Amino acid sequence: MPAAAASVRLARRVARAWCRYCRVPEDLVDCVLLIVSEMCANAILHGGSDTIGVRMWLPSFGVLRIEVADYTPSQPPVVQLPSVESENGRGLLLVDAMATHAGGSWGFTADSTRAWCTLPLPTKINSPLTPCH
């Protein structure tokens with residue numbers, strides 16, 4: 001996708017459709033959408049590429065993985081604790097809070113070109129009747 005603000009909305013719409021197709025529980029969908037939004041916004045704001053990449057898949061039983069790539073090698077970003085008056089700087093704090101609340105984890109690849117997050121899924125998501133099995 002283009003590294004533009006409109007891509008955040010598009011990524012959320014695609015993520016919502018994928019979650020619906022894969023029968024991800026609605027309470028987890030909200031978490032996924034917030035994580036996708038914040039990781040995409042971070043890639044657009046801080047990446048040096050004209051494009052970003054977003055993927056979601058089920059790499060193993062009971063796990064959902066989200067990745068957002070900005071294709072720009074850099075030092076790993078760190079979670080900030082902005083002041084109450086600050087209008088930005090909370091993206092990774094939100095990703096950390098949502099992933100932790102859902103029992104998942106998140107981070108960056110060694111070269112920081114990709115942010116990733118894994119979230120546990122209910123076992124019914126990985127049943128043979130689920131289209132994403």
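On a predicted model such as this, the values are computed, not experimentally measured, just so you know.
Under 3.5 Å, the side chains of Ser105 and Thr118 contain a donor-acceptor pair of N or O atoms.
Closest heavy-atom contact between Met39 and Ile66: CE-O, 4.2 Å. The minimum heavy-atom distance linking Ala3 with Ile52 is given by the pair CB-CG2, 4.2 Å. The shortest heavy-atom contact between Phe108 and Trp116 is N-NE1, 3.3 Å. Contact between Thr72 and Ser49 at its shortest, heavy atoms only, is OG1-N, 3.5 Å. In terms of heavy atoms, Leu119 sits closest to Ala99 at CD2-CA, 4.1 Å. Shown here for Ala11 and Val54, the closest heavy-atom pair between the two residues is CB-CG2, 4.3 Å.
Both Val8 and Trp18 are part of a single hydrophobic cluster, where members link through side-chain heavy atoms under 4.5 Å apart. Note: the hydrophobic cluster containing Leu10 also contains Met56 (ILVMFWY, side chain heavy atoms under 4.5 Å, direct or indirect links). Criterion: ILVMFWY side-chain heavy atoms under 4.5 Å apart, direct or through other members. Under it, Met1 and Trp57 are not part of a common hydrophobic cluster. Leu45 and Leu94 end up in different hydrophobic clusters when Ile, Leu, Val, Met, Phe, Trp and Tyr side chains are linked at under 4.5 Å.
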Quick one: side chains of residues 25-36, donor-acceptor pairs under 3.5 Å with protein atoms, not counting sequence neighbours, listed by atom name and distance.
none

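Applying the salt bridge (Lys or Arg N to Asp or Glu O under 4.0 Å) test to residues at least two apart or on different chains, the pairs with a partner in residues 52-71 are Arg55-Glu67, Arg65-Glu67, Glu67-Arg114.
Leu58 pairs in a side chain to side chain contact (heavy atoms under 4.5 Å, CB included) with only one of the listed residues (Val63, Leu121, Val24), which is Leu121.
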- Would Arg12 and Cys40 satisfy side-chain contact (heavy atoms from CB on, under 4.5 Å), going step by step from the backbone distance to the final call? CA-CA 9 Å; Arg12 284 177 58 94; Cys40 285; over 6 Å; no
- Task: Quick one: do Leu92 and Trp106 satisfy side-chain contact (heavy atoms from CB on, under 4.5 Å)? Show the steps, please.
- Result: CA-CA 10 Å; Leu92 295 181; Trp106 70 280; 4.0 Å; yes
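For the pair Thr100 (side chain) and Asp96 (backbone), a donor-acceptor distance under 3.5 Å is present.
Checked against side chain to side chain donor-acceptor pair (under 3.5 Å), Ser7 has no partners two or more places apart in sequence or in another chain.
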